[in-house]
Every structure is written in structure tokens, then in C-alpha cells.
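Being a predicted model, the structure only gives us computed values, none of them experimental.
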Amino acid sequence: MRSCFSGEVSTAHLDQVVTLFGWVHRRRDHGGVIFIDLRDREGLAQIVCDPDRAAMFATAERIRSEYCLRVSGKVRRRPPGTENRELRSGEVEVLCHELEILNTSVTPPFQLEDEHLSETTRLTHRVLDLRRPSMQRNLMLRYKVAMAVRRHLDAQGFVDIETPMLTRSTPEGARDYLVPSRVSAGEFFALPQSPQLFKQLLMVAGFDRYYQITRCFRDEDLRADRQPEFTQIDCETSFLDEEQIRDCFEGMIRAVFREAIGVNLAARFPVMAYAEAMRRFGSDKPDLRVHLEFTDLEDLMKDVAFKVFNEAANTAGARVIALRVPGGAAISRSDIDAHTQFVGIYGAKGLAWIKVNDPSKGREGLQSPIVKNLHDASIAQMLERTGAQSGDILFFGADRAKVVNDALGALRVRIGHSDFGRTHGLLREGWHPLWVVDFPMFDYDEQAQRWSACHHPFTAPKDGHEDYLSTDPGQALAKAYDMVLNGWEIGGGSVRIHREAVQSKVFRALRIGPEEARAKFGFLLDALQYGAPPHGGIAFGLDRIVTMMAGAESIRDVIAFPKTQRAQCLLTKAPSAVDAKQLRELHIRLRAAQPE
């Protein structure tokens, strides 16, 4: 029987005989004495095999990397000067008495110490990749986070209740993953994009406080922070208002960070309206570590000769903004060209700029090809409003609001996180959470010529905004809220509609008629008739939270068996073809893809 994990052997075990199990991380032959670094999930222990025990030593000569071993031996101090302070077990070693090879291993396709493996190699050989200490730490951290969530929510009276994986397709937003029914020919289940409707039903059913750490599925294009299947900390509660719900789950996140990684987040998270976040940062998930903000200039540019500024300043739904970068006059022309190319990804047609050499000299103190197209009054007011100082640079955005927000918002983060931003004090360290609130209820879809729900159609409007639902939907704000941390949205939710009259107004605003509403959401609408309580909730992305805590580059680094950006599993080769018999049982016939 194992005495302890290899990585846990310490001075507390001195002179004791211990039994360890693990894998050969490294084998070293030092002139007749063989050293083995034995690895398990808790770390490494140094095993010393000397030739005094002939049978044991003969076994030690046969072992290779990744052999699975049982080791029994006496714990002793390492000789002075050979300690390894980076290991928990670094002050001691185990003098091997017995050594058993539990299983051999073929030569691994890569060295586990290699930190520069391609992702294809890692995902193809995921089992070995998961043996690497960095991946072991990530998944153990994920476990700690999940347990901290459970402990906190259990203490707050939340009940863990499972909801169905096979449910009805209600397409909203991303595409559903469909599952054909064998017993109901031609009909399909859908995998849940979230448990949204079911958790509302649980509130109507009287459970009061629900949570679930659950898998969700979305058939969408993937990025570093997206997967077709992901894990959500899903929560719902009754009889709390918007602010009380935020307080409840702010406390949960504080507890999780404290328990999992020993970080004390702010005692009170700041709260910012969506409109303010977009105005100042161009993003509804602003990274507050970056000390850069937008300055609105529309009113100053209505009569300038520079056509790009003039047209945007006089067009409804457009913006003209400046992004002041302190010390940015030192940015090279090649870096400015790279920034210009970067904002083009977000639809910007260019990137105007002005280097400020001496603001006291007006246009004579500025360096830029666009200065000649700005009159003196606009220059003076622009410099005053932005607070530009000698040695700064101003970058400009002038276009439709979405293009400006997306392009200059991304540029703000890019500059803040660059080497220039770090050396010039534009990025502060640490964890900076934020609540973003008062989101719009609706977005207008120009192509479809109709309003669509920003969150989902069961989000409640702010008090006093119910009348906008029928008169001016674009003015209606929602009781919706997102938790943002260092530029990542880690959670989002809302207070739900629990009264039929308000729900009907929302459906009318969305042009969802009674028949469509009943077809899509009939079971929820029926349940809401039975004294539905005021309720609301939130869902947190477990994968994102752990990724941030671990300092990983992608959520794939904190998921045991993730998919690629093409939604493929390189380990199991899924998705894969199935045989004709299975298809017949599911009443499915394949046909050749038609050329586009």
C-alpha cells in the first residue's frame, strides 16, 4: 500500500520506510549509482538505487522513461549542497530497498519536459500530455475551483440539481447539436446550449436556490476561449433583486479565488453601466488593468476639412474618438503601420494619428499628415479635452460606432499589453473585477429588419422601461449583468420575466407571435402561469476562470480532453463515420455533398 504520494515525501518521513508508486520521469546513472525521479500527480521524489542490493539494482538498470513502478525504501536527507528547493521533497531522498516494474512503456513520442510542443502533438497524444506537471497542476486547480464553488453554494443554501442533456431544440443564438431519435423517426433531441429554461422551471417548482456544474454545447466557430462542449457554473435563485443576486455571486467568486489560489479580490467590485463601458473603452468587458480611455470628439469635428472625421461626426450611429497614449510619440512608424494593419481586422479603413511634440505650440507642435485638415479651434479643444502632453500620441477612430468600438477597443488592449505599454506604466498588475450592468434589451438586425434579444427573451426590463417595449424597444434596458475580470467575461445573467403581461410585450417587440412562442417555449409559458416567483440567476464559465487562474493561453489547457478549432478530438478521432446499420436504425440516409 502507498505510504504517501511521491511529491509529498518530506523531512516528516525521515528514517521511515515508505512505499511509493509512480512513473519514471528521469533516470540518471552516476557511476554505478542510479537515480530515479519518480513522478505522480503531487510531484517528484528522488530515488537512489545503489548496487548493494543486487536484485533491486538489476531491475533499476532495466527501467526507462515512463515505466510504472512500485518503490519501497528508507527516507534520508540529501547530502549537503544537493538539495532542490523547488521541490516539496527536495530536502530528502529515498534509498531504494525494493523496486518492482508494474508496467513497461514504449518510447514516448516527446519528452514531458518539452514546453514547446505543437498543439497537434499534444492533443494527439493527450494521455501523455496530461502526465506533464503543468497539465497536472491545471486539472488539479480545476478540481479545487469546482470544490470551492460547491462548498460556498452549499453553505448559501443552494441545491445541486441535474437537468436533461437530451432536450428540445429551441434555436437561439448558436446552432444546436442535434441527436436523432431511434424510436421517433424523423425527430431529434438537442444538446443544451445552457440549462436556462429548466432552471427557471425549478424556481417555479419552489426549490428557491439551484446550482449545477454542467456541460453545455454550442455548434459554433471556435476560438481560444471557446469549445463545442464547455462547463458552466449555472445558478438560479428566487426572491432576490438584481443587486442582491450580484452580491451573492460576487461573494462566491471572492471565496473561490481565496481558496483556490490564495488571492483576495476587492472587497466590493465596481459597477459600471454598459453605455459607460462602451463610451470609455469600446467594450462591454473592459480590461481595467490598461490605463487608456477613449475621448469623444464628434462635436469638435463636424466642420473640419478632414472628410473621414467630418462624415462620421455628422452621421447618426457613428463615432469620432481619440485614444491618448502617454509617451506614445516614441512609437516607431513601423509599429504604427502594424497597429493600422491590426485595426483593419475589425473593419477600420485606417488609423489616423497625431504625435504631440509640444501642445503649447498648437498645430506647430504636432506631427501628423492629418493636421493640415483640422482648423485651429478643433486642434486646441482636442488637445485640451484629451489632456495630451508633450511626448504623447493620439490615435483616432472615425466610423460606425461598432467599428470604432471594436477596432480602437482592441488597439487599447494591444498597446496596454505590449512591451511598450508595460515599460511605460500603461498596464497595472493584479486582478481587477467589474460588474457591467444596464445592458440594452434588444439589438436591431438590419438584415432581418427586426429586433433581437441581446440576452434571451426571458430577460426582465429595468423598472419603468416596460412601456419602451411597445413604443421604442431600442431605449429599453435590461436587468442584465456581466462579471468581467481582466478583460474576460467570466459570468453573465439577468433577472427573469415572471409575469405573463411583460413576457407578451417582449414577444411582440421581437415579433414572436403566439403560435411561435408556444411552439418554442410552451412548457415554460405554461409553468409561469402557476404563481411563478420573481427569480434570476447567472452562469459562470468554469473553463475561463481556471484558464485565468492558471495563466494558460487557451481553455484547452484546462480541459482534460478538448476539441481542436475544427471541433475534432485528435485523440479519439471524433467525429467519425458510423456504419450503415446504425444510420438505418436512426432513419437517416446520407447523400453526397452538393457543390456550392
Using 30° and 60° as the class boundaries, would you call the ring planes of Y177 and F217 parallel, tilted or perpendicular?
perpendicular

Spacing of F249 atom CZ and Q156 atom CD [to the nearest 0.5 Å]
9.0 Å

Which of these, I545, D287, I490, sits in a side-chain contact (heavy atoms from CB on, under 4.5 Å) with L485?
I490

Can you label the angle between the Y468 ring and the H465 ring as parallel, tilted or perpendicular, going by 30° and 60°?
perpendicular

Side-chain donor/acceptor pairs under 3.5 Å, residues 504-513, sequence neighbours excluded:
residue: S504; atom: OG; partner: E500; partner atom: O; Å: 3.1
residue: S504; atom: OG; partner: E500; partner atom: OE2; Å: 2.5
residue: R511; atom: NH2; partner: Q449; partner atom: O; Å: 2.0

With D296, which residues qualify under side-chain hydrogen bond (donor to acceptor under 3.5 Å, both in side chains), at least two apart?
R319

I'd like to know if the side chain of H535 pairs up with that of Q200 as donor and acceptor (distance under 3.5 Å, no hydrogens or angles considered).
yes

Would the distance check show the side chain of S494 and the main-chain N or O of R496 forming a donor-acceptor pair, the cut-off being under 3.5 Å?
no

If you count every heavy atom of other residues, nucleotides or ligands that lies below 6.0 Å from Y143 atom OH, does the total exceed 12?
no

Please identify which of these residues, T459, I245, D241, meets the side-chain contact (heavy atoms from CB on, under 4.5 Å) condition with V495.
I245

Pi-cation contact, F269 with R254 (under 6.0 Å, within 45°)
yes

As an exercise, state the distance from CG of N405 to CD1 of I321, rounded to the nearest 0.5 Å.
8.0 Å

Residue pairs passing the side-chain hydrogen bond (donor to acceptor under 3.5 Å, both in side chains) test with at least one member in residues 255-265, sequence neighbours excluded, are R151-E259

